[in-house]
Amino acid sequence: MAPKWDLVADALKKVDGEEVLLRGWVHWIHKLGKKMFIRVRDHTGIIQAVAEKASLSNEEWKAVKKLTRESSIEIRGRVRSDPRAPGGKEVVATSVKVFGYSPPFPIWGREDVDFLLDHRHLWLRSRRMTAIMKVRETILSAMREWLKREGWWEVHPPILTASAVEGGATLFEVKYFDKKAYLSQSAQLYLEALIFSLEKVWSLTPSFRAEKSRTRRHLAEYWHLELEGAWYSMEDMMEVAEELVAYAVRRAVEERREELEFLGRDISKLEPAFETPYPRITYDEAIEILKRKGFPISWGDNLGADEERALTEEFEKPFFITHFPKKIKAFYMKEAPGRPEVVLGFDLLAPEGYGEIIGGSEREENIDRLLERIREEGYDPANYEWYLDLRRYGSVPHSGFGLGLERVVMWVTGIDHIRDTIPFPRFRGRIYP
RNA sequence: GCCGGGGUAGCUCAGCCGGGUAGAGCGCCGGGCUGUUAACCCGGUGGUCGGGGGUUCGAAUCCCCUCCCCGGCGCCA
């Protein structure tokens with residue numbers, strides 16, 4: 001169904017004299033005696049309308065004079081080119097209808113972070129948040145399209161779960177009838193069950209981490225895009241990861257150039273990511289690079305934020321780090337053949353300091369070694385009985401990864417905090433609005 | 001959880017060190033203006049100084065406790 005009124009983007013394309021009917025919100029207003037400039041916003045853009053006392057009925061002029069920012073209105077008028085108008089075109093109003101007046105809008109652009117988070121429901125109307133949400137949608141659509149085209153089945157694992165995939169300290173506990181349950185931290189184990197029928201599966205689910213983390217890269221609730229593929233080796237899965245990311249970034253730049261430019265993104269820094277393959281280094285090599293750069297790090301240490309940032313400076317496109325020490329990675333990762341101290345795990349790091357956007361691995365498919373790892377981590381094998389069954393009934397080599405959608409959006413938009421990649425961020429205990 | 005910064009008008013902040021009647025800009029309200037781009041001009045409006053306790057003749061200011069926010073670290077996607 002086509003709308004029965006004109007969109008701002010279409011109005012801006014019309015020639016002088018054409019009539020338009022606009023619906024939207026007052027983005028900004030200038031009152032000037034017997035003339036008013038009203039910038040009208042809809043989801044496609046902003047256009048300036050001019051309302052003059054002489055061209056409107058008395059009632060309409062009275063109604064227009066009371067307009068405030070964020071009032072909702074309908075304006076009928078004619079398009080006119082004028083170099084003084086933002087964008088070069090404006091609409092001369094012939095009639096104006098007010099749907100809803102707005103009390104003084106509490107936001108006009110210089111508020112601090114806390115105030116904007118408390119007024120998130122209103123701040124979402126800003127051009128900045130609108131631009132980011134559009135980029136986010138484009139990235140996700142592109143990924144979904146790519147996955148469909150490449151033959152991956154989208155599946156829907158549960159959010160309410162009985163036990164942890166990774167450490168239990170960061171679980172959100174909820175009441176589940178007369179039992180306790182937890183909000184999912186990862187769909188991985190469920191995806192592993194689904195590969196035995198669908199082979200190539202993926203899901204998009206919210207994942208929850210109850211960490212009181214104080215970084216600009218963590219959310220308590222984030223959108224987790226996870227893949228799992230039967231017969232896939234780590235190397236196979238890394239190719240999937242880089243193709244998926246490259247396609248999404250390219251599409252975002254092609255389709256959201258205007259929004260990215262509004263956000264001040266240097267698009268030339270994204271262009272190298274269009275081309276695969278992405279560089280691959282091992283954890284061993286990463287440690288060597290860091291030692292050369294003067295970091296006091298030794299083999300076996302986790303890569304901290306400073307170290308990770310330093311590594312991203314070495315590359316102009318995303319890059320993989322592989323073969324991590326077993327003791328710093330999850331129990332389900334498969335040992336590297338001939339090197340039991342490292343696992344077939346990989347991270348994909350975005351350049352310019354953005355860091356990890358994907359974590360994945362080849363999974364341990366041997367039930368005895370898997371049981372051993374579960375015990376080593378101090379978990380109770382009884383909680384993993386159903387998961388262990390997957391290794392009993394026709395076990396298959398397989399790999400998978402998880403991608404943090406907000407991490408990707410943060411990198412592509414070039415913004416400095418993950419909270420603005422999602423409309424209503426949940427982090428550090430914030431739950432309102 | 002740890003380290004650092006902060007909380008004063010609707011918003012952004014100054015005032016705090018060296019205690020003495022609560023300030024500015026913007027917003028908002030009224031008036032003026034036919035080309036504004038964060039308009040401008042004139043007039044008006046505006047406060048439990050985050051909360052509690054203490055010191056003092058007197059506390060936004062000094063001391064103690066506490067809550068909240070921001071940045072960084074750890075961990076991760």
Taking only the P atom of each, what is the distance from rC26(B) to rG7(B) in whole angstrom? 23 Å
Look for any protein N or O under 3.5 Å of an N or O in nucleotides 3-13 of chain B and output each such pair with its distance, or none.
{"from": "rU12(B)", "atom 1": "OP1", "to": "D112(A)", "atom 2": "N", "distance (Å)": "3.1"}
{"from": "rU12(B)", "atom 1": "OP1", "to": "D112(A)", "atom 2": "OD1", "distance (Å)": "3.0"}
{"from": "rU12(B)", "atom 1": "OP1", "to": "D112(A)", "atom 2": "OD2", "distance (Å)": "3.2"}

Rounded to whole Å, please give me the gap between CZ in R80(A) and P in rU34(B). 16 Å
Would one find a side-chain N or O of N302(A) under 4.0 angstrom from OP1 or OP2 of rC75(B)? yes
Assign A85(A) to base, sugar-phosphate, or nothing according to its heavy-atom contacts below 4.0 angstrom with the strands shown. base
Going by modelled atom types, is there a donor-acceptor pair between the base of rU36(B) and the side chain of Q48(A) at under 3.5 Å? yes
Please state whether the base of rG74(B) and the side chain of E211(A) form at least one donor-acceptor pair under 3.5 Å? no
Phosphate contact (rG71(B) OP1 or OP2) by R428(A) side-chain N/O below 4.0 Å: yes
Is it the case that more than 12 heavy atoms not belonging to N58(A) sit under 6.0 Å from its CG atom? no
Return the set of residues passing side chain to side chain donor-acceptor pair (under 3.5 Å) with H119(A) (not counting sequence neighbours), or none when no residue passes. none
Remember a base hit wins even if backbone is also touched, and classify G304(A) as base, sugar-phosphate or nothing at under 4.0 Å, heavy atoms. sugar-phosphate
Integer angstrom distance from the C1' of rU61(B) to that of rU21(B): 15 Å
Would you state whether a donor and an acceptor, one from the side chain of R217(A) and one from the base of rG72(B), lie under 3.5 Å apart? no
The correct set of residues in residues 22-44 of chain A placing a heavy atom under 4.0 Å from RNA chain B is W28(A), H30(A), K31(A), L32(A), G33(A), K34(A), K35(A), F37(A), R39(A)
Do any of residues 357-364 of chain A sit with a heavy atom less than 4.0 Å from RNA chain B, and if so which? I357(A), I358(A), G359(A)
Please state the P separation for the pair rG52(B) and rC16(B) - nearest whole angstrom. 24 Å
May I have the distance from D301(A) (atom CG) to rG74(B) (atom C1'), rounded to whole angstrom? 13 Å
Only counting residues at least two apart or in another chain, list the ones meeting side chain to side chain contact (heavy atoms under 4.5 Å, CB included) with S71(A). V26(A), L67(A), T68(A), Y101(A), S102(A)
Looking at W123(A), I want to see if its CH2 is surrounded by more than 12 non-hydrogen atoms of other residues, nucleotides or ligands under 6.0 Å. yes
Would you check if L311(A) and L303(A) make a side-chain contact, meaning some heavy-atom pair closer than 4.5 Å? yes
For the C1' atoms, the ones on rU37(B) and on rC3(B), what distance do you get once it is rounded to whole angstrom? 45 Å
Protein-nucleotides 47-49 of chain B N/O pairs closer than 3.5 Å?
none

Sticking with atom C1', work out how far rU48(B) lies from rC40(B), rounded to a whole angstrom. 37 Å
Side chains of E243(A) and T276(A): do they bring a donor and an acceptor to under 3.5 Å? yes
By the 4.0 Å heavy-atom rule, please label E406(A) as base, sugar-phosphate, or nothing. nothing
What does S207(A) touch in the nucleic acid at a heavy-atom separation under 4.0 angstrom: a base, only the sugar-phosphate, or nothing? nothing
Would you please indicate if the ring centroids of Y182(A) and F172(A) are separated by under 6.0 Å? no
Determine the contact category for H218(A): base if any of its heavy atoms lies under 4.0 Å from a base atom, sugar-phosphate if only primed atoms, P, OP1 or OP2 are that close, otherwise nothing. base
Have a look at E221(A) and say if it touches a base, only the backbone sugar-phosphate, or nothing, with a 4.0 Å heavy-atom cut-off. nothing
What nucleic acid atoms does R419(A) come within less than 4.0 Å of, heavy atoms only: base, sugar-phosphate, or nothing? sugar-phosphate
